[in-house]
Amino acid sequence: RLCGDVECPRSNACCSDAVHGPVCYFPQFYHCAVDRFTPYSQSLCARGDGSCATVCYDAKRYDCVGGQIKERIKQRSPFPFYPFKNSENYSPIIDAMPSMISEQKEMPNLYLLTCRYYIPQFKPHNRATDVPYMVKVLVAGAAGGIGQPLSLLLKQNLPAGSTLALFDVVNVIGVGEDLSHINTHVKLEVHLGDLKNPSNTTELDKATQNLDLAVIPAGVPRKPGMTRDDLFKVNAGIVKGLVESIAKNSPKALIAIITNPVNSTVPAAAEILKKAGVYDPKRLFGVSTLDIVRAQTFIGQLKGQNPAEVKVHVIGGHSPETMLPILSSVSGISFSEEETSSLSTKIKEAGTAVVNAKDGMGSATLSMAYAGARFALGLVKALNGESGIIEDSYVDTSSTDLGVSFLAVPVEFGKNGIEKIHPLPQMNESEKKQLAELIPIVQKNIDTGLEFAKSA
Ligand SMILES: NC(=O)C1=CN([C@@H]2O[C@H](COP(=O)(O)OP(=O)(O)OC[C@H]3O[C@@H](n4cnc5c(N)ncnc54)[C@H](O)[C@@H]3O)[C@@H](O)[C@H]2O)C=CC1
Ligand SMILES: O=C([O-])CC(=O)C(=O)O
(Lines give C-alpha, C1' and ligand atoms only; values in the text may rest on other atoms or scores of the structure.)
(Ligands and ions follow the chains in the order given, each with its own letter.)
Protein backbone atom coordinates (compact mmCIF):
# COMPACT_ATOMS: atom_id res chain seq x y z
CA ARG A 1 0.00 0.00 0.00
CA LEU A 2 1.12 3.51 -0.73
CA CYS A 3 2.16 5.73 2.16
CA GLY A 4 2.92 9.15 0.76
CA ASP A 5 5.08 8.25 -2.22
CA VAL A 6 6.52 4.99 -0.88
CA GLU A 7 5.08 1.53 -0.72
CA CYS A 8 5.05 0.00 2.77
CA PRO A 9 6.04 -3.65 3.23
CA ARG A 10 3.16 -6.03 3.78
CA SER A 11 3.57 -6.14 7.55
CA ASN A 12 3.52 -2.35 7.89
CA ALA A 13 0.86 0.25 8.34
CA CYS A 14 0.98 3.89 7.32
CA CYS A 15 0.78 6.88 9.64
CA SER A 16 0.42 10.51 8.62
CA ASP A 17 2.74 11.74 11.32
CA ALA A 18 2.30 15.43 12.09
CA VAL A 19 6.07 16.02 12.13
CA HIS A 20 7.52 13.47 9.72
CA GLY A 21 4.67 13.19 7.22
CA PRO A 22 3.54 9.77 5.95
CA VAL A 23 5.68 6.98 7.44
CA CYS A 24 5.48 3.22 7.22
CA TYR A 25 5.51 1.66 10.62
CA PHE A 26 5.57 -1.57 12.37
CA PRO A 27 2.28 -2.10 14.29
CA GLN A 28 3.96 -4.55 16.66
CA PHE A 29 6.01 -1.75 18.24
CA TYR A 30 4.34 1.51 17.20
CA HIS A 31 0.88 2.98 16.73
CA CYS A 32 -0.50 6.05 15.08
CA ALA A 33 -1.72 8.02 18.10
CA VAL A 34 -4.50 10.58 17.73
CA ASP A 35 -3.19 13.77 19.28
CA ARG A 36 -4.83 14.72 22.57
CA PHE A 37 -4.30 18.42 22.02
CA THR A 38 -4.17 19.18 18.31
CA PRO A 39 -7.39 18.17 16.60
CA TYR A 40 -7.09 15.82 13.59
CA SER A 41 -3.36 15.43 14.13
CA GLN A 42 -1.55 12.09 14.58
CA SER A 43 1.90 11.05 15.79
CA LEU A 44 3.81 7.84 15.33
CA CYS A 45 4.46 6.70 18.90
CA ALA A 46 5.53 3.53 20.69
CA ARG A 47 2.59 1.27 21.47
CA GLY A 48 0.78 2.35 24.62
CA ASP A 49 2.05 5.92 24.34
CA GLY A 50 -0.11 8.95 23.67
CA SER A 51 0.54 12.05 21.62
CA CYS A 52 0.36 15.52 23.14
CA ALA A 53 0.92 18.52 20.86
CA THR A 54 2.87 16.17 18.51
CA VAL A 55 5.13 14.80 21.30
CA CYS A 56 4.82 11.15 22.29
CA TYR A 57 4.46 10.42 25.99
CA ASP A 58 4.07 7.48 28.31
CA ALA A 59 0.31 7.42 28.78
CA LYS A 60 0.58 5.24 31.88
CA ARG A 61 2.51 7.90 33.80
CA TYR A 62 1.58 11.19 32.18
CA ASP A 63 -1.43 13.09 30.99
CA CYS A 64 -1.83 15.66 28.27
CA VAL A 65 -3.24 18.77 29.91
CA GLY A 66 -3.63 21.92 27.87
CA GLY A 67 -0.99 20.74 25.41
CA GLN A 68 1.52 19.99 28.15
CA ILE A 69 2.66 16.61 29.41
CA LYS A 70 2.21 16.36 33.12
CA GLU A 71 3.04 13.61 35.53
CA ARG A 72 0.04 11.85 36.95
CA ILE A 73 -0.26 11.92 40.70
CA LYS A 74 -0.39 8.42 42.07
CA GLN A 75 -0.71 9.20 45.75
CA ARG A 76 -3.74 10.27 47.60
CA SER A 77 -4.23 13.93 46.98
CA PRO A 78 -3.66 16.29 49.90
CA PHE A 79 -6.12 18.79 48.38
CA PRO A 80 -9.67 18.73 49.66
CA PHE A 81 -11.36 19.38 46.34
CA TYR A 82 -10.22 16.07 44.88
CA PRO A 83 -12.51 13.24 45.78
CA PHE A 84 -10.33 10.60 47.43
CA LYS A 85 -10.09 7.32 45.61
CA ASN A 86 -8.34 4.28 46.83
CA SER A 87 -6.97 3.26 43.46
CA GLU A 88 -3.22 3.37 43.10
CA ASN A 89 -3.52 4.84 39.64
CA TYR A 90 -6.07 7.39 40.57
CA SER A 91 -5.42 10.52 38.62
CA PRO A 92 -7.02 13.75 39.80
CA ILE A 93 -6.56 15.18 36.33
CA ILE A 94 -8.95 12.71 34.81
CA ASP A 95 -11.72 13.58 37.24
CA ALA A 96 -11.01 17.26 37.78
CA MET A 97 -13.35 19.74 36.19
CA PRO A 98 -11.68 21.89 33.52
CA SER A 99 -11.93 24.92 35.80
CA MET A 100 -9.83 23.16 38.39
CA ILE A 101 -7.04 22.46 35.97
CA SER A 102 -5.94 26.08 35.92
CA GLU A 103 -5.84 26.07 39.71
CA GLN A 104 -3.69 22.97 39.68
CA LYS A 105 -1.28 24.56 37.28
CA GLU A 106 -0.49 27.23 39.82
CA MET A 107 0.64 24.74 42.41
CA PRO A 108 4.27 24.50 41.40
CA ASN A 109 5.18 21.16 42.96
CA LEU A 110 2.09 19.36 41.93
CA TYR A 111 3.25 18.32 38.50
CA LEU A 112 6.69 17.63 37.22
CA LEU A 113 6.98 19.11 33.78
CA THR A 114 8.75 16.14 32.32
CA CYS A 115 8.11 14.19 29.18
CA ARG A 116 9.71 11.52 27.12
CA TYR A 117 10.60 12.48 23.59
CA TYR A 118 10.57 9.55 21.27
CA ILE A 119 10.92 11.68 18.21
CA PRO A 120 14.66 12.52 18.43
CA GLN A 121 15.56 8.83 18.84
CA PHE A 122 12.96 7.58 16.44
CA LYS A 123 14.18 6.97 12.94
CA PRO A 124 11.22 7.03 10.56
CA HIS A 125 11.35 4.09 8.20
CA ASN A 126 10.07 5.79 5.10
CA ARG A 127 11.72 3.53 2.62
CA ALA A 128 10.37 0.06 2.20
CA THR A 129 13.86 -1.37 1.75
CA ASP A 130 15.43 0.31 4.81
CA VAL A 131 14.96 -2.41 7.38
CA PRO A 132 14.24 -6.12 7.59
CA TYR A 133 10.81 -5.79 9.17
CA MET A 134 10.19 -9.50 9.24
CA VAL A 135 12.60 -11.91 10.84
CA LYS A 136 13.09 -15.65 11.07
CA VAL A 137 13.78 -16.83 14.60
CA LEU A 138 14.62 -20.39 15.59
CA VAL A 139 13.92 -21.89 18.99
CA ALA A 140 16.07 -25.02 19.32
CA GLY A 141 14.69 -27.17 22.13
CA ALA A 142 11.20 -25.82 21.49
CA ALA A 143 9.36 -28.72 23.13
CA GLY A 144 11.14 -28.29 26.46
CA GLY A 145 10.27 -26.57 29.71
CA ILE A 146 11.75 -23.28 28.50
CA GLY A 147 11.21 -23.84 24.79
CA GLN A 148 7.41 -24.07 24.97
CA PRO A 149 6.62 -20.84 26.86
CA LEU A 150 9.44 -19.05 25.02
CA SER A 151 7.91 -20.07 21.69
CA LEU A 152 4.52 -18.88 22.93
CA LEU A 153 5.92 -15.46 23.82
CA LEU A 154 7.65 -15.20 20.46
CA LYS A 155 4.52 -16.32 18.59
CA GLN A 156 2.72 -13.56 20.42
CA ASN A 157 5.29 -10.79 20.08
CA LEU A 158 7.43 -11.20 16.98
CA PRO A 159 6.86 -8.65 14.22
CA ALA A 160 3.92 -9.45 12.00
CA GLY A 161 5.00 -11.46 8.98
CA SER A 162 7.91 -13.09 10.81
CA THR A 163 8.66 -16.80 10.86
CA LEU A 164 9.13 -18.76 14.05
CA ALA A 165 10.95 -22.04 13.47
CA LEU A 166 10.60 -24.71 16.14
CA PHE A 167 13.13 -27.50 16.40
CA ASP A 168 13.38 -30.32 18.90
CA VAL A 169 14.15 -34.02 18.89
CA VAL A 170 10.85 -34.93 20.64
CA ASN A 171 7.22 -33.73 20.85
CA VAL A 172 7.67 -30.64 18.73
CA ILE A 173 5.00 -31.50 16.16
CA GLY A 174 2.30 -31.27 18.85
CA VAL A 175 3.75 -28.07 20.27
CA GLY A 176 3.74 -26.57 16.78
CA GLU A 177 0.15 -27.65 16.10
CA ASP A 178 -0.93 -26.11 19.40
CA LEU A 179 0.87 -22.80 18.78
CA SER A 180 -0.41 -22.66 15.21
CA HIS A 181 -3.94 -21.91 16.50
CA ILE A 182 -2.86 -18.60 17.99
CA ASN A 183 -4.19 -15.78 15.85
CA THR A 184 -1.02 -13.77 15.35
CA HIS A 185 0.57 -13.05 12.00
CA VAL A 186 3.68 -15.10 12.78
CA LYS A 187 4.27 -18.09 10.54
CA LEU A 188 5.39 -21.36 12.11
CA GLU A 189 7.86 -23.89 10.78
CA VAL A 190 8.03 -27.09 12.78
CA HIS A 191 10.95 -29.50 12.52
CA LEU A 192 11.37 -32.77 14.40
CA GLY A 193 14.98 -33.95 14.59
CA ASP A 194 16.09 -37.55 14.43
CA LEU A 195 16.54 -38.57 18.07
CA LYS A 196 17.89 -42.02 17.24
CA ASN A 197 20.35 -40.83 14.62
CA PRO A 198 21.71 -37.36 15.48
CA SER A 199 23.96 -37.41 12.40
CA ASN A 200 20.79 -37.18 10.30
CA THR A 201 20.49 -33.41 10.25
CA THR A 202 17.90 -33.11 7.45
CA GLU A 203 15.22 -31.44 9.58
CA LEU A 204 17.70 -29.39 11.58
CA ASP A 205 19.23 -28.07 8.38
CA LYS A 206 15.78 -26.99 7.20
CA ALA A 207 15.12 -25.26 10.52
CA THR A 208 18.40 -23.32 10.35
CA GLN A 209 17.89 -21.92 6.82
CA ASN A 210 17.71 -18.11 6.48
CA LEU A 211 17.83 -17.34 10.19
CA ASP A 212 18.13 -13.89 11.66
CA LEU A 213 18.29 -15.23 15.19
CA ALA A 214 18.67 -18.63 16.82
CA VAL A 215 17.72 -19.01 20.48
CA ILE A 216 19.03 -22.20 22.06
CA PRO A 217 17.41 -23.60 25.21
CA ALA A 218 18.09 -27.21 24.14
CA GLY A 219 19.73 -29.42 26.73
CA VAL A 220 19.27 -31.10 30.07
CA PRO A 221 18.41 -29.14 33.21
CA ARG A 222 19.78 -29.65 36.73
CA LYS A 223 18.40 -31.85 39.49
CA PRO A 224 18.87 -31.04 43.19
CA GLY A 225 22.49 -31.49 44.25
CA MET A 226 23.94 -30.80 40.79
CA THR A 227 25.90 -27.74 39.68
CA ARG A 228 25.46 -26.19 36.25
CA ASP A 229 28.96 -27.43 35.38
CA ASP A 230 27.72 -31.01 35.86
CA LEU A 231 25.58 -30.49 32.73
CA PHE A 232 28.48 -29.58 30.48
CA LYS A 233 29.32 -32.94 28.94
CA VAL A 234 25.82 -33.67 27.68
CA ASN A 235 24.82 -30.11 26.83
CA ALA A 236 28.04 -29.19 25.02
CA GLY A 237 27.39 -32.01 22.55
CA ILE A 238 23.82 -30.77 21.95
CA VAL A 239 24.96 -27.17 21.44
CA LYS A 240 27.72 -28.33 19.08
CA GLY A 241 25.30 -30.04 16.68
CA LEU A 242 22.96 -27.06 16.64
CA VAL A 243 25.69 -24.45 16.17
CA GLU A 244 27.32 -26.42 13.36
CA SER A 245 24.05 -26.43 11.46
CA ILE A 246 23.50 -22.71 12.05
CA ALA A 247 27.07 -22.01 10.89
CA LYS A 248 26.45 -23.99 7.70
CA ASN A 249 23.02 -22.62 6.81
CA SER A 250 22.85 -19.14 8.36
CA PRO A 251 26.40 -17.98 9.01
CA LYS A 252 25.25 -14.42 9.72
CA ALA A 253 22.54 -15.32 12.23
CA LEU A 254 22.67 -14.01 15.78
CA ILE A 255 22.93 -16.87 18.29
CA ALA A 256 21.62 -16.60 21.85
CA ILE A 257 22.56 -19.53 24.08
CA ILE A 258 20.49 -20.35 27.16
CA THR A 259 21.82 -23.91 27.61
CA ASN A 260 23.88 -24.38 30.78
CA PRO A 261 26.56 -24.04 31.83
CA VAL A 262 26.45 -20.76 29.89
CA ASN A 263 29.98 -19.86 31.08
CA SER A 264 31.31 -22.81 29.05
CA THR A 265 28.73 -23.50 26.32
CA VAL A 266 29.18 -20.01 24.84
CA PRO A 267 33.00 -20.21 24.47
CA ALA A 268 32.51 -23.73 23.06
CA ALA A 269 30.07 -22.32 20.49
CA ALA A 270 32.57 -19.58 19.60
CA GLU A 271 35.23 -22.20 18.90
CA ILE A 272 32.82 -24.28 16.80
CA LEU A 273 31.95 -21.18 14.76
CA LYS A 274 35.68 -20.42 14.37
CA LYS A 275 36.27 -23.96 13.10
CA ALA A 276 33.49 -23.40 10.56
CA GLY A 277 35.20 -20.13 9.54
CA VAL A 278 32.17 -17.94 10.36
CA TYR A 279 32.83 -16.66 13.89
CA ASP A 280 31.79 -13.07 14.50
CA PRO A 281 32.07 -12.12 18.21
CA LYS A 282 29.35 -9.53 17.70
CA ARG A 283 26.78 -12.21 16.90
CA LEU A 284 27.12 -14.66 19.78
CA PHE A 285 25.42 -14.16 23.16
CA GLY A 286 25.05 -16.07 26.40
CA VAL A 287 21.67 -15.26 27.92
CA SER A 288 22.06 -14.16 31.56
CA THR A 289 18.96 -11.96 31.52
CA LEU A 290 17.23 -14.08 34.15
CA ASP A 291 19.83 -12.88 36.65
CA ILE A 292 18.84 -9.27 35.95
CA VAL A 293 15.12 -10.08 36.01
CA ARG A 294 15.56 -11.72 39.42
CA ALA A 295 17.66 -8.84 40.75
CA GLN A 296 14.98 -6.36 39.62
CA THR A 297 12.26 -8.44 41.28
CA PHE A 298 14.03 -8.97 44.62
CA ILE A 299 15.11 -5.32 44.86
CA GLY A 300 11.62 -4.10 43.95
CA GLN A 301 10.09 -6.36 46.59
CA LEU A 302 12.55 -5.26 49.27
CA LYS A 303 12.21 -1.55 48.57
CA GLY A 304 8.54 -1.39 47.59
CA GLN A 305 9.30 -0.33 44.02
CA ASN A 306 8.02 -1.45 40.65
CA PRO A 307 10.51 -4.22 39.71
CA ALA A 308 10.27 -3.36 36.02
CA GLU A 309 11.69 0.09 36.73
CA VAL A 310 14.63 -1.03 38.88
CA LYS A 311 17.89 -0.36 37.04
CA VAL A 312 20.45 -2.93 38.08
CA HIS A 313 23.38 -4.68 36.44
CA VAL A 314 24.44 -8.26 37.03
CA ILE A 315 27.82 -8.95 35.48
CA GLY A 316 30.43 -11.74 35.56
CA GLY A 317 29.03 -15.17 34.77
CA HIS A 318 25.95 -17.35 35.22
CA SER A 319 26.80 -19.37 38.35
CA PRO A 320 26.80 -18.43 42.04
CA GLU A 321 30.63 -18.21 42.12
CA THR A 322 30.86 -15.95 39.09
CA MET A 323 27.71 -13.83 39.25
CA LEU A 324 28.14 -10.25 40.49
CA PRO A 325 25.06 -8.09 41.11
CA ILE A 326 26.24 -4.47 41.24
CA LEU A 327 24.07 -3.24 44.08
CA SER A 328 26.15 -0.16 44.90
CA SER A 329 25.04 1.56 41.70
CA VAL A 330 21.33 0.80 41.53
CA SER A 331 20.02 4.20 40.58
CA GLY A 332 18.09 5.93 43.33
CA ILE A 333 18.30 3.03 45.81
CA SER A 334 20.84 2.32 48.53
CA PHE A 335 21.27 -0.78 50.65
CA SER A 336 22.63 -1.48 54.11
CA GLU A 337 25.54 -3.92 54.35
CA GLU A 338 23.17 -6.59 55.56
CA GLU A 339 20.72 -5.97 52.70
CA THR A 340 23.57 -6.10 50.17
CA SER A 341 24.77 -9.40 51.51
CA SER A 342 21.36 -11.10 51.67
CA LEU A 343 20.22 -9.72 48.30
CA SER A 344 23.43 -10.83 46.56
CA THR A 345 23.08 -14.34 47.96
CA LYS A 346 19.40 -14.50 46.99
CA ILE A 347 20.16 -13.45 43.39
CA LYS A 348 23.11 -15.83 43.04
CA GLU A 349 21.25 -18.80 44.52
CA ALA A 350 17.87 -18.16 42.85
CA GLY A 351 18.41 -20.86 40.22
CA THR A 352 19.17 -23.43 42.90
CA ALA A 353 16.10 -22.34 44.88
CA VAL A 354 13.93 -23.21 41.86
CA VAL A 355 15.75 -26.51 41.25
CA ASN A 356 15.19 -27.50 44.89
CA ALA A 357 11.55 -26.39 44.89
CA LYS A 358 10.87 -28.36 41.69
CA ASP A 359 12.41 -31.33 43.47
CA GLY A 360 13.76 -33.28 40.51
CA MET A 361 11.36 -31.93 37.88
CA GLY A 362 13.84 -29.48 36.33
CA SER A 363 14.92 -25.89 36.79
CA ALA A 364 13.51 -22.44 36.05
CA THR A 365 11.42 -22.54 32.88
CA LEU A 366 8.70 -19.86 32.96
CA SER A 367 10.87 -17.05 34.32
CA MET A 368 13.61 -18.12 31.91
CA ALA A 369 11.18 -18.05 29.00
CA TYR A 370 10.16 -14.53 30.04
CA ALA A 371 13.81 -13.47 30.27
CA GLY A 372 14.68 -15.22 27.00
CA ALA A 373 11.82 -13.50 25.20
CA ARG A 374 12.88 -10.11 26.57
CA PHE A 375 16.39 -10.78 25.29
CA ALA A 376 15.34 -12.15 21.89
CA LEU A 377 12.77 -9.42 21.25
CA GLY A 378 15.37 -6.81 22.22
CA LEU A 379 17.68 -8.22 19.54
CA VAL A 380 14.84 -8.26 17.00
CA LYS A 381 13.98 -4.63 17.74
CA ALA A 382 17.64 -3.71 17.26
CA LEU A 383 17.70 -5.62 13.95
CA ASN A 384 14.78 -3.43 12.96
CA GLY A 385 16.72 -0.26 13.68
CA GLU A 386 15.70 0.53 17.23
CA SER A 387 18.55 1.99 19.24
CA GLY A 388 19.43 2.25 22.92
CA ILE A 389 18.58 -1.35 23.89
CA ILE A 390 21.08 -2.47 26.52
CA GLU A 391 21.18 -5.81 28.33
CA ASP A 392 23.87 -7.47 30.40
CA SER A 393 24.94 -10.52 28.43
CA TYR A 394 27.75 -13.09 28.49
CA VAL A 395 29.73 -12.21 25.38
CA ASP A 396 33.21 -12.24 23.85
CA THR A 397 35.15 -9.56 25.71
CA SER A 398 38.56 -10.18 24.12
CA SER A 399 38.37 -6.76 22.43
CA THR A 400 38.14 -5.06 25.87
CA ASP A 401 40.75 -4.57 28.57
CA LEU A 402 38.87 -6.75 31.07
CA GLY A 403 41.56 -9.44 30.90
CA VAL A 404 39.19 -12.31 30.18
CA SER A 405 37.79 -13.48 26.87
CA PHE A 406 34.11 -13.90 27.94
CA LEU A 407 32.14 -12.11 30.61
CA ALA A 408 28.60 -10.88 31.25
CA VAL A 409 28.82 -7.13 30.63
CA PRO A 410 26.44 -4.34 29.56
CA VAL A 411 25.92 -4.74 25.83
CA GLU A 412 24.10 -2.42 23.46
CA PHE A 413 22.28 -4.21 20.66
CA GLY A 414 22.44 -3.07 17.06
CA LYS A 415 21.71 -4.19 13.51
CA ASN A 416 24.75 -6.49 13.55
CA GLY A 417 24.27 -7.91 17.03
CA ILE A 418 26.56 -6.15 19.48
CA GLU A 419 26.66 -2.46 18.66
CA LYS A 420 28.84 -1.64 21.64
CA ILE A 421 30.18 -3.15 24.84
CA HIS A 422 29.59 -0.47 27.46
CA PRO A 423 32.01 0.20 30.31
CA LEU A 424 31.28 -1.78 33.45
CA PRO A 425 28.96 -0.01 35.88
CA GLN A 426 30.54 1.95 38.74
CA MET A 427 31.56 -0.44 41.51
CA ASN A 428 32.56 -0.01 45.14
CA GLU A 429 35.77 -1.53 46.53
CA SER A 430 34.07 -4.75 47.63
CA GLU A 431 32.52 -5.29 44.18
CA LYS A 432 35.85 -4.59 42.47
CA LYS A 433 37.48 -7.20 44.69
CA GLN A 434 34.74 -9.73 43.92
CA LEU A 435 35.18 -9.09 40.20
CA ALA A 436 38.91 -9.72 40.43
CA GLU A 437 38.22 -12.97 42.29
CA LEU A 438 35.59 -14.31 39.91
CA ILE A 439 37.54 -13.73 36.69
CA PRO A 440 39.90 -16.72 37.17
CA ILE A 441 36.86 -18.95 37.79
CA VAL A 442 35.20 -17.71 34.59
CA GLN A 443 38.50 -18.32 32.80
CA LYS A 444 38.47 -21.97 33.93
CA ASN A 445 34.88 -22.34 32.63
CA ILE A 446 35.97 -20.78 29.32
CA ASP A 447 38.89 -23.21 29.04
CA THR A 448 36.52 -26.14 29.59
CA GLY A 449 34.41 -24.94 26.66
CA LEU A 450 37.37 -24.31 24.39
CA GLU A 451 39.01 -27.66 25.12
CA PHE A 452 35.78 -29.51 24.35
CA ALA A 453 35.27 -27.71 21.05
CA LYS A 454 38.88 -28.10 19.94
CA SER A 455 38.89 -31.83 20.50
CA ALA A 456 35.30 -32.50 19.36
N1 LIG B 1 20.72 -19.33 31.01
C2 LIG B 1 19.87 -19.44 32.00
O3 LIG B 1 19.66 -18.48 32.75
C4 LIG B 1 19.09 -20.69 32.21
C5 LIG B 1 19.45 -21.83 31.54
N6 LIG B 1 18.73 -22.99 31.70
C7 LIG B 1 19.17 -24.17 30.94
O8 LIG B 1 18.33 -24.34 29.79
C9 LIG B 1 18.39 -25.71 29.37
C10 LIG B 1 17.00 -26.23 29.07
O11 LIG B 1 16.22 -26.27 30.23
P12 LIG B 1 14.70 -26.85 30.18
O13 LIG B 1 13.98 -26.26 29.06
O14 LIG B 1 14.17 -26.71 31.54
O15 LIG B 1 14.99 -28.39 29.88
P16 LIG B 1 13.96 -29.45 29.24
O17 LIG B 1 14.58 -30.79 29.44
O18 LIG B 1 12.60 -29.22 29.75
O19 LIG B 1 13.98 -29.07 27.70
C20 LIG B 1 15.09 -29.23 26.92
C21 LIG B 1 14.64 -29.58 25.52
O22 LIG B 1 15.80 -29.71 24.71
C23 LIG B 1 15.52 -30.76 23.80
N24 LIG B 1 16.74 -31.26 23.19
C25 LIG B 1 17.63 -32.15 23.66
N26 LIG B 1 18.57 -32.39 22.76
C27 LIG B 1 18.27 -31.64 21.68
C28 LIG B 1 18.87 -31.45 20.42
N29 LIG B 1 19.98 -32.08 20.04
N30 LIG B 1 18.29 -30.58 19.57
C31 LIG B 1 17.16 -29.90 19.91
N32 LIG B 1 16.56 -30.07 21.09
C33 LIG B 1 17.11 -30.92 21.95
C34 LIG B 1 14.80 -31.80 24.63
O35 LIG B 1 14.12 -32.74 23.82
C36 LIG B 1 13.88 -30.92 25.44
O37 LIG B 1 12.65 -30.76 24.80
C38 LIG B 1 19.12 -26.44 30.50
O39 LIG B 1 20.45 -26.66 30.13
C40 LIG B 1 19.04 -25.47 31.67
O41 LIG B 1 20.08 -25.66 32.59
C42 LIG B 1 17.63 -23.02 32.50
C43 LIG B 1 17.24 -21.90 33.18
C44 LIG B 1 17.95 -20.66 33.12
O1 LIG C 1 19.72 -23.13 38.04
C2 LIG C 1 19.65 -23.73 36.95
O3 LIG C 1 20.13 -24.84 36.75
C4 LIG C 1 18.97 -23.03 35.84
C5 LIG C 1 19.52 -21.67 35.76
O6 LIG C 1 20.55 -21.43 35.20
C7 LIG C 1 18.84 -20.63 36.51
O8 LIG C 1 17.69 -20.80 36.92
O9 LIG C 1 19.47 -19.57 36.69
Side-chain angles (χ1 to χ4, degrees), residues 138-151 165-176 190-201 203-205 207-208 214-246 256-266 285-295 314 317-320 322-323 346-358 360-376 391-394 408:
L138 166 73
V139 176
I146 297 167
Q148 290 198 36
L150 173 60
S151 302
L166 310 178
F167 178 78
D168 204 304
V169 288
V170 295
N171 298 340
V172 75
I173 303 296
V175 171
V190 187
H191 301 279
L192 176 64
D194 191 339
L195 181 61
K196 292 200 182 118
N197 178 14
S199 63
N200 172 10
T201 59
E203 282 302 310
L204 176 58
D205 285 339
T208 57
V215 190
I216 305 184
V220 291
R222 283 200 283 166
K223 289 194 182 332
M226 292 172 84
T227 68
R228 291 176 179 85
D229 289 342
D230 293 336
L231 305 171
F232 181 72
K233 235 178 158 179
V234 176
N235 285 352
I238 292 172
V239 169
K240 176 176 176 284
L242 295 168
V243 170
E244 280 172 347
S245 176
I246 296 163
I257 297 184
I258 292 172
T259 310
N260 271 319
V262 169
N263 290 5
S264 304
T265 50
V266 176
F285 302 84
V287 183
S288 58
T289 318
L290 182 52
D291 304 331
I292 298 109
V293 167
R294 286 168 171 157
V314 182
H318 183 64
S319 68
T322 60
M323 196 183 296
K346 192 169 174 182
I347 296 163
K348 291 176 186 187
E349 297 294 346
T352 304
V354 180
V355 170
N356 290 340
K358 289 199 174 178
M361 299 304 285
S363 54
T365 53
L366 301 174
S367 52
M368 182 59 239
Y370 169 84
R374 163 169 144 179
F375 191 86
E391 288 282 2
D392 296 336
S393 174
Y394 186 75

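Order of appearance sets the numbers: ligands from 1, and atoms from 1 within every ligand.
Of the N or O atoms in G147, none lie within a sub-3.5 Å distance of an N or O in ligand 1. Between V287 and ligand 1, an N or O atom pair is found at a separation short of 3.5 Å. Of the polar atoms of M368, none of the N or O atoms is found under 3.5 Å from an N or O of ligand 1, judged by distance alone. Considering backbone and side-chain atoms together, A140 places no N or O closer than 3.5 Å to any N or O of ligand 1. Taking distance alone, with nitrogen or oxygen atoms compared against 3.5 Å, L290 stays at or beyond that limit from ligand 1. Backbone and side-chain nitrogen or oxygen atoms of D291 are examined, and none is located within less than 3.5 angstrom of a nitrogen or oxygen of ligand 2. The shortest N or O to N or O distance between H318 and ligand 1 is below 3.5 Å. In terms of N/O distances under 3.5 Å, ligand 1 is not approached by R222. Ligand 1 has a nitrogen or oxygen under 3.5 angstrom from a nitrogen or oxygen of N260.
For T265 and N235, the side-chain atoms include no donor-acceptor pair closer than 3.5 Å.
The two residues D194 and N200 make their nearest non-hydrogen contact at OD2-ND2, 3.0 Å. Between R222 and G351 the shortest heavy-atom distance is NH2-C, 3.6 Å. Minimum interatomic distance between D168 and G141 (heavy atoms only, all atoms of both residues): OD2-C, 3.1 Å.
Scanning A218, G237, P221, S288 for the heavy atom closest to atom 17 (O) of ligand 1 points to P221. The nearest non-hydrogen atom to atom 25 (C) of ligand 1, considering only D194, I238, L231, comes from I238.
Only the side chain of V262 comes within 4.0 Å of ligand 1, judged by heavy-atom distances. With a 4.0 Å heavy-atom cut-off, ligand 1 is reached by the side chain of T365 but not by its N, CA, C or O. Heavy atoms of P217 found under 4.0 angstrom from ligand 1 belong exclusively to the backbone. By the criterion of a heavy-atom distance under 4.0 Å, the side chain of R294, and not its backbone, is placed next to ligand 2. Here T289 has no heavy atoms under 4.0 Å from ligand 1, in either its backbone or its side chain. The backbone of V220, and not its side chain, has at least one atom closer than 4.0 Å to an atom of ligand 1 (non-hydrogen atoms only; backbone = N, CA, C, O). Proximity of V262 to ligand 2, defined as any heavy-atom pair under 4.0 Å, is not found for any part of the residue. Only the side chain of R228 comes within 4.0 Å of ligand 2, judged by heavy-atom distances.
Heavy atoms of V354 stay at 4.0 angstrom or farther from ligand 2. At a 4.0 Å cut-off, not a single heavy atom of G241 sits close enough to ligand 1 to count as contact. Between A364 and ligand 1 there is a heavy-atom distance shorter than 4.0 Å.
Of all the atoms in ligand 2, the ones that sit under 4.0 Å from a non-hydrogen atom of A364 are 8 (O). Annotation for ligand 2: atoms under 4.0 Å from non-hydrogen atoms of H318 are 5 (C), 6 (O), 7 (C), 9 (O). Here is the list of ligand 2 atoms found below 4.0 Å of a heavy atom in G351: 1 (O), 7 (C), 8 (O), 9 (O). Listed by number with element, the atoms of ligand 1 under 4.0 Å from a non-hydrogen atom of G145 are 13 (O), 16 (P), 18 (O), 19 (O). Atoms of ligand 2 lying under 4.0 Å from any heavy atom of R222, numbered from 1 in the order shown and given with element: 1 (O), 2 (C), 3 (O).
Between the side chain of N263 and the backbone N or O of H318, at least one donor-acceptor pair lies under 3.5 Å. When atom types are taken as modelled, the side chain of D392 and the backbone of V314 share a donor-acceptor pair closer than 3.5 angstrom.
Residue, atom and distance of the protein heavy atom nearest to atom 42 (C) of ligand 1 are I146 CD1, 3.4 Å.
The distance from atom OG of S264 to atom NZ of K233, rounded to the nearest 0.5 Å, is 14.0 Å. Atom CG of L192 sits about 5.0 Å away from atom CD1 of I173, to the nearest 0.5 Å.
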